[in-house]
Each structure stands twice: as C-alpha cells, then as structure tokens.
Amino acid sequence: MNMKRVIITGSTGLIGKEAIEPLNKAGFEVFELRHNECDIFDPSSLKSFFEKIKPQYLLHFAWITGGDYLVNPLNEKLVDSSMEMLKIFREFGGKRAVFAGTCFEYKFKNEPLKEDDELNPTTLYAISKDKLRRLAGEFCDRNGISFGWGRIFYVFGRGEKQGRLTSTIINNLCENKPVTISCGSLLRDYMYTKDIANAFVKFLCTEITGCVNIATGKPISLSDFAMTFARLYGKEEFIIVKNDIGMQPSLIVADVTRLKEEVGFGGYTNFSAAVKEITRI
C-alpha cells in the first residue's frame with residue numbers, strides 16, 4: 001500500500017527539524033523541501049519538485065524568523081511564494097495542507113485568546129501571516145483542499161538562534177555572565193519545539209480546518225522562565241530581574257480547547273524536563 005506523501009518546508013528550522021520523526025511515526029513518506037534542491041521563490045523549481053513527488057499533504061513552516069524579521073520585506077515575498085506553492089500543490093493532486101501562523105495576528109487581551117477572537121496584526125511579519133491565512137483559506141475552499149492554520153505562540157527549543165531569549169540565557173550562564181530579564185513579570189505561553197512539532201503533525205493527520213492555537217494554555221513569567229534554566233546550572237545569582245514592561249501586554253496566553261478537544265493533542269513535555277533536554281544537564 002502506498003504511504004502518505006508529505007512535503008515539509010522549513011525542515012531545518014527550530015520547529016521543522018523536530019517534525020521529521022513524528023511524521024515518520026505517523027506513517028508519512030517525508031520529503032524535505034530544502035534550499036539546495038528547490039528554490040521556494042522560483043515557480044519552475046517548485047513545480048519540478050512537486051511534480052516529482054505528487055504529495056497528498058503539505059506542512060509549511062518555512063519563513064523568515066531571524067534578525068529584522070518583523071519588518072523585513074521578505075515577508076511579502078513569502079506570501080506570494082506560499083500561494084504559488086499551494087497552487088502547484090493543488091495541480092499535482094494535493095488534498096491536505098497545514099500552514100504555520102503566529103499569535104501576533106491577534107489583538108491581545110488579558111485573558112486566553114480564542115481562534116475566533118479579534119485580530120490586529122501590527123508588524124509586517126504578522127500582517128503577512130494574516131494575509132496568507134486569508135488568501136490560502138479562500139483558495140483551498142474554492143479548490144477542495146482541506147486547510148489548517150496553526151497559530152504558534154511563544155517557542156523555546158534546542159539550537160535557537162543567537163539573540164533569542166533561550167539561547168541568550170544558556171550562553172550567558174555557561175560563561176558566568178549575568179542575564180538581565182527586563183520584563184520579568186510578563187506572562188507568556190511558551191511551548192517546547194518538540195511539542196509544537198508533534199501538535200502540527202497531529203493536526204495534519206486530522207480533517208480539522210481553520211485556525212488552531214498551538215500552545216500550552218499555561219503562561220509562565222519571564223523571570224520564572226529564566227530562573228528554571230539558572231537552577232539547573234546552579235547559577236540563580238546571575239539572573240537579574242527588572243519590570244520595565246512599558247506598553248507590552250501583561251498576558252499573552254492561548255485558549256487551547258480546539259487543540260485538545262478537536263485535534264486531540266495533549267502530549268506536553270514537562271517544562272523542567274524540556275529545559276533539561278535543551279541544556280543537556
């Protein structure tokens with residue numbers, strides 16, 4: 001019997017690299033769309049890649065996430081290339097696509113965010129993600145493709161890029177340097193990358209359409225987040241906590257009812273255990 005074929009983009013990224021194993025375990029034949037094999041911005045390259053594989057499934061993570069990603073014009077190019085990829089996916093028999101969105105599409109409020117809550121994307125990154133969600137959803141509705149949009153909240157995992165919170169904490173502690181947490185009281189919904197990847201694979205395996213929050217539903221303060229790492233290293237004294245929150249929302253947390261009850265995901269890694277895996281202590 002033929003295996004389910006899936007193309008995954010962003011397979012070397014923070015989340016994508018964690019999705020390969022659960023995809024294999026779920027019975028997929030996995031094809032990674034990598035830069036050295038296919039240019040995501042070149043329609044002819046995309047068409048050649050998809051024509052060869054003819055996948056029934058598409059899991060799309062690839063996006064700009066480092067440096068000036070919030071304002072980088074590449075966000076707009078990624079909307080166009082993602083839509084071109086979706087059209088090619090349909091051309092070669094694609095049936096089910098799940099794309100990665102962001103919690104920054106929402107208008108934040110001091111209670112858990114639900115998928116049908118008001119949106120207010122303010123950065124080019126979030127505006128572009130929201131535009132892709134709308135365009136892709138409309139296209140899939142017209143063409144009989146099952147389409148899911150997973151809104152990712154806050155992320156921590158192994159191999160984070162320099163400058164991100166987790167990598168800064170680990171690098172500074174390893175070098176016995178202080179870590180200043182400027183907004184220690186802020187509450188954020190952090191989810192381990194392995195769990196995020198597993199949730200997306202679970203989502204892909206369903207016929208659930210529309211938006212689903214990919215998060216834990218359990219906020220943690222930034223000071224507690226940093227201190228969990230420090231305790232493992234026995235270096236709590238290196239964590240300096242301030243509360244310069246400015247205009248930032250005090251709480252960003254997801255309502256995960258759809259993820260748990262409809263998608264059926266509940267395989268969360270204990271936070272301290274995840275931190276131990278990342279730090280390898």
Side-chain angles (χ1 to χ4, degrees), residues 2-11 16 19 23 26 28-31 33 38-64 73-107 113-121 124-152 199-214 258-259 262-264:
N2 292 331
M3 294 181 70
K4 301 174 292 185
R5 294 183 301 281
V6 62
I7 286 178
I8 176 175
T9 73
S11 62
L23 283 170
F28 287 97
E29 186 177 4
V30 181
F31 298 88
L33 193 159
C38 178
D39 182 356
I40 199 171
F41 297 109
D42 178 8
S44 62
S45 179
L46 278 171
K47 188 167 184 176
S48 176
F49 190 78
F50 276 74
E51 184 176 18
K52 178 175 62 177
I53 295 164
K54 295 182 175 61
Q56 303 101 324
Y57 294 82
L58 174 61
L59 183 55
H60 183 30
F61 289 119
W63 208 268
I64 180 172
L74 191 60
N75 283 288
E76 295 173 306
K77 288 187 65 178
L78 281 162
V79 174
D80 294 337
S81 66
S82 298
M83 285 305 300
E84 184 65 31
M85 180 170 58
L86 193 56
K87 292 170 185 176
I88 294 169
F89 176 62
R90 178 199 60 80
E91 182 179 348
F92 294 108
K95 299 298 183 185
R96 169 77 169 158
V98 171
F99 285 16
T102 174
C103 68
F104 292 101
E105 297 165 50
Y106 285 116
K107 180 177 182 179
L113 294 157
K114 297 181 180 180
E115 288 84 354
D116 58 357
D117 278 344
E118 184 178 355
L119 304 179
N120 183 36
L124 183 58
Y125 167 72
I127 290 168
S128 298
K129 285 283 191 176
D130 180 56
K131 180 180 180 181
L132 176 59
R133 175 191 60 81
R134 288 183 283 106
L135 291 174
E138 291 166 3
F139 177 85
C140 289
D141 283 345
R142 292 195 307 269
N143 290 279
I145 296 172
S146 174
F147 180 69
W149 183 262
R151 285 200 180 113
I152 301 170
F200 266 96
V201 173
K202 187 81 171 178
F203 190 13
L204 185 69
C205 290
T206 72
E207 286 298 320
I208 301 298
T209 59
C211 299
V212 173
N213 289 332
I214 308 295
R258 284 207 83 194
L259 179 63
E262 296 182 47
V263 175

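Keep in mind that what you see is a predicted model, and the values were worked out from it rather than measured.
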- Task: Using salt bridge (charged side-chain N to carboxylate O under 4.0 Å, His left out) as the criterion, point out the one residue from Arg134, Lys129, Arg151 that pairs with Glu105.
- Result: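 Looking at Arg134, Lys129, Arg151, the match for Glu105 under the salt bridge (charged side-chain N to carboxylate O under 4.0 Å, His left out) is Arg151.
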Would you check if the side chain of [X] reaches a backbone N or O of [Y] as a donor-acceptor pair within less than 3.5 Å?
X	Y	answer
Thr9	Phe61	yes
Gln56	Gly94	no
Ser48	Ser44	no
Asn143	Cys140	no
Ser11	Ile8	no
Ser81	Phe41	no
Lys54	Glu51	yes

Check: [Y] and [X] side chains under 4.5 Å, non-hydrogen atoms:
X	Y	answer
Phe200	Ile152	yes
Phe49	Ile88	no
Phe147	Val98	no
Leu119	Lys107	no

- Of all heavy-atom pairs between Leu204 and Leu23, which one has the smallest distance, and what is that distance?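 Closest pair (atom of Leu204, atom of Leu23, distance): CD2-CD2, 3.9 Å.
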- If you take all heavy atoms of Asn75 and Trp63, which pair is closest and at what distance?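 Closest pair (atom of Asn75, atom of Trp63, distance): OD1-NE1, 2.8 Å.
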- Just do the side chain to side chain contact (heavy atoms under 4.5 Å, CB included) check on Leu33 and Met85 with the steps written out, would you? CA-CA 11 Å; Leu33 193 159; Met85 180 170 58; 4.2 Å; yes
- Test: Arg258 and Glu262 ion pair at under 4.0 Å: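 Yes, this pair counts.
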- Is any NZ, NE, NH1 or NH2 atom of the basic residue among Arg133 and Asp130 found under 4.0 Å from an Asp or Glu carboxylate oxygen of the other?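 Yes, Arg133 and Asp130 are salt-bridged.
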- Has Lys77 got more than 12 heavy atoms of other residues, nucleotides or ligands less than 6.0 Å from its NZ?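 It does not: Lys77 NZ has 12 such atoms or fewer within range.
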Measure the [atom1]-[atom2] distance between [X] and [Y] for me, rounded to the nearest 0.5 Å.
X	Y	atom1	atom2	answer
Phe89	Arg96	CZ	CZ	10.0 Å
Leu259	Glu115	CG	CD	8.5 Å
Asp141	Ser146	CG	OG	10.0 Å
Ile40	Leu78	CD1	CG	6.5 Å
Leu86	Leu135	CG	CG	10.0 Å
Lys131	Ser82	NZ	OG	11.5 Å

- Item | ring-ring contact (aromatic ring centres under 6.0 Å, His included) against Tyr57, all qualifying residues, sequence neighbours excluded |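 For Tyr57 the ring-ring contact (aromatic ring centres under 6.0 Å, His included) partners, ignoring immediate neighbours, are Phe28.
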- Should the pair Arg90 and Phe50 be classed as cation-pi, given the thresholds of under 6.0 Å to the six-membered ring centre and 45° from the axis?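 Relative to the ring axis of Phe50, which defines the angle, Arg90 lies outside at least one limit.
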- Query: Which of parallel (below 30°), tilted (30 to 60°) and perpendicular (above 60°) describes Phe99 and Trp149?
  - Reply: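 Answer is tilted, since the angle falls between 30° and 60°.
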- Task: State, without any angle test, whether Asn213 and Tyr106 hold a side-chain donor-acceptor pair at a distance under 3.5 Å.
- Result: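 There is such a pair (donor and acceptor under 3.5 Å, judged by atom type) between the side chains of Asn213 and Tyr106.
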- Task: Kindly indicate, with the supporting measurements, whether the criterion side-chain hydrogen bond (donor to acceptor under 3.5 Å, both in side chains) is fulfilled by Ser128 and Glu76.
- Result: CA-CA 6 Å; Ser128 298; Glu76 295 173 306; 5.7 Å; no
- Going through the distances and angles, do Lys47 and Glu84 end up as a salt bridge (Lys or Arg N to Asp or Glu O under 4.0 Å)? CA-CA 9 Å; Lys47 188 167 184 176; Glu84 184 65 31; over 6 Å; no
